[in-house]
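Data first, discussion second: the structure below is written as structure tokens.
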Amino acid sequence: MTVTRREALAQRLHDVHERIEAARIAAGRTEDHDQVQLVVVTKTFPASDVALLAELGVTDVGENRDQEGRAKRADVSSDDLRWHMIGRLQRNKVSSVARWADVVESIDRHELIAPLAGAVERFDRNPVQVLLQVSVDPVPDPGRGGADPDDVESLAEAVSRHEALHLAGVMAVAPHPDTGMDPRAAFDRLQEISARVRTSWPHAREMSAGMSSDLEAGVAAGATQVRIGGAILGERPPVQ
Ligand SMILES: *Cc1c(COP(=O)(O)O)cnc(C)c1O
């Protein structure tokens with residue numbers, strides 16, 4: 001008997017939920033407020049997969065390209081999904097992203113903030129949740145995105161000046177495995193940055209950390225959400 005796409009997704013979704021739960025318990029994070037939100041990263045996969053995931057109970061999906069996210073949101077009829085923009089943002093794409101994203105996780109420079117707020121207002125959308133992407137690379141690599149940790153408070157201040165934006169927290173991608181840096185050390189650093197932000201903005205409690213290969217490290221460090229692609233959808237076709 002062949003396994004349908006729906007069955008394969010259901011199985012892998014189940015496995016990932018179990019990994020998250022095991023990591024949470026291992027970290028002693030067993031209170032109700034310790035729940036970890038799963039964001040399923042659907043980039044490169046078709047809108048039909050997003051529709052199946054929604055049927056299977058997924059509430060949050062992540063896309064890393066404006067065009068793809070926008071097209072998929074238009075294709076998927078579910079109104080119950082929250083769409084996360086998790087990819088590098090170009091200044092000239094910000095206003096397009098404001099049409100489809102409910103959460104923007106990759107704000108890492110000042111020049112993106114006012115244009116995003118302006119576009120959200122123009123389109124008369126609900127306030128967009130903003131996560132500040134922070135670089136936790138041992139040696140900063142501009143190509144990977146992420147703000148210098150020293151700039152995070154000034155970015156938070158700028159975001160919180162706009163009613164169209166809601167400062168929700170911080171996000172990071174672990175350093176490339178080639179650097180030899182332990183993802184846990186990187187995510188612990190993100191947790192310190194998150195704590196610093198929360199002293200001034202206590203509601204900004206989201207910490208987005210952990211992907212298919214390092215979700216356990218993210219949860220151990222205190223992630224409130226993980227972003228999982230491959231472990232649920234399967235291997236992505238190579239990027240052109
Ligand atoms: C692709 C991507 C993910 C998901 O990565 P997987 O290894 O497929 O789980 C998470 N976060 C960001 C920013 C991504 O671009």
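Just so you know, ligand 1 is whichever comes first in the structure, and atom 1 is the first atom listed for that ligand.
Residues Asp102 and Arg125 are paired through a salt bridge, judged by an N-O separation under 4.0 Å between the basic side chain and the carboxylate. Salt bridge Lys72/Asp49: absent, no basic N to carboxylate O contact under 4.0 Å.
Scanning the protein heavy atoms around atom 6 (P) of ligand 1, the nearest turns out to be Ser212 OG, 3.5 Å. For atom 13 (C) of ligand 1, the closest heavy atom belonging to the protein is Ile86 O, 3.5 Å. Among all protein heavy atoms, the one lying closest to atom 11 (N) of ligand 1 is Arg227 NE, 2.9 Å. Among all protein heavy atoms, the one lying closest to atom 10 (C) of ligand 1 is Met211 SD, 3.1 Å. When hydrogens are left out, the protein atom nearest atom 1 (C) of ligand 1 is Lys43 NZ, 1.4 Å; that is the closest non-hydrogen contact.
In summary, of the residues considered (Ile228, Leu233, Val16), a side chain to side chain contact (heavy atoms under 4.5 Å, CB included) with Ser212 occurs for Ile228 alone. Partner of Ser208 under the side chain to side chain contact (heavy atoms under 4.5 Å, CB included) criterion, chosen from Val39, Val173, Leu131: Leu131.
Residue Val173 has no nitrogen or oxygen atom sitting less than 3.5 Å from a nitrogen or oxygen atom of ligand 1, judged on distance alone. Checking only distances, Arg236 does come within under 3.5 Å of ligand 1, N or O to N or O.
Close approach of ligand 1 to Gly230 is summarised as follows: ligand atoms under 4.0 Å from at least one heavy atom of the residue are 6 (P), 8 (O), 9 (O). Near Gly229, meaning under 4.0 Å from one of its heavy atoms, ligand 1 places the atoms 4 (C), 6 (P), 8 (O), 9 (O). In summary, the atoms of ligand 1 found under 4.0 Å from a heavy atom of Ile228, numbered by their order in the structure, are 9 (O).
Considering all non-hydrogen atoms of both residues, Val136 and Ala172 come closest at CG2-CB, 3.9 Å.
With hydrogens and angles left out, the side-chain atoms of Gln37 and Thr59 include a donor and acceptor closer than 3.5 Å.
Using a 4.0 angstrom heavy-atom cutoff, Glu105 does not count as in contact with ligand 1.
To the nearest 0.5 Å, atoms CD1 (Ile25) and CD1 (Ile20) are separated by 12.0 Å.
By the salt bridge (Lys or Arg N to Asp or Glu O under 4.0 Å) test, Arg196 pairs with Glu153, sequence neighbours left out.
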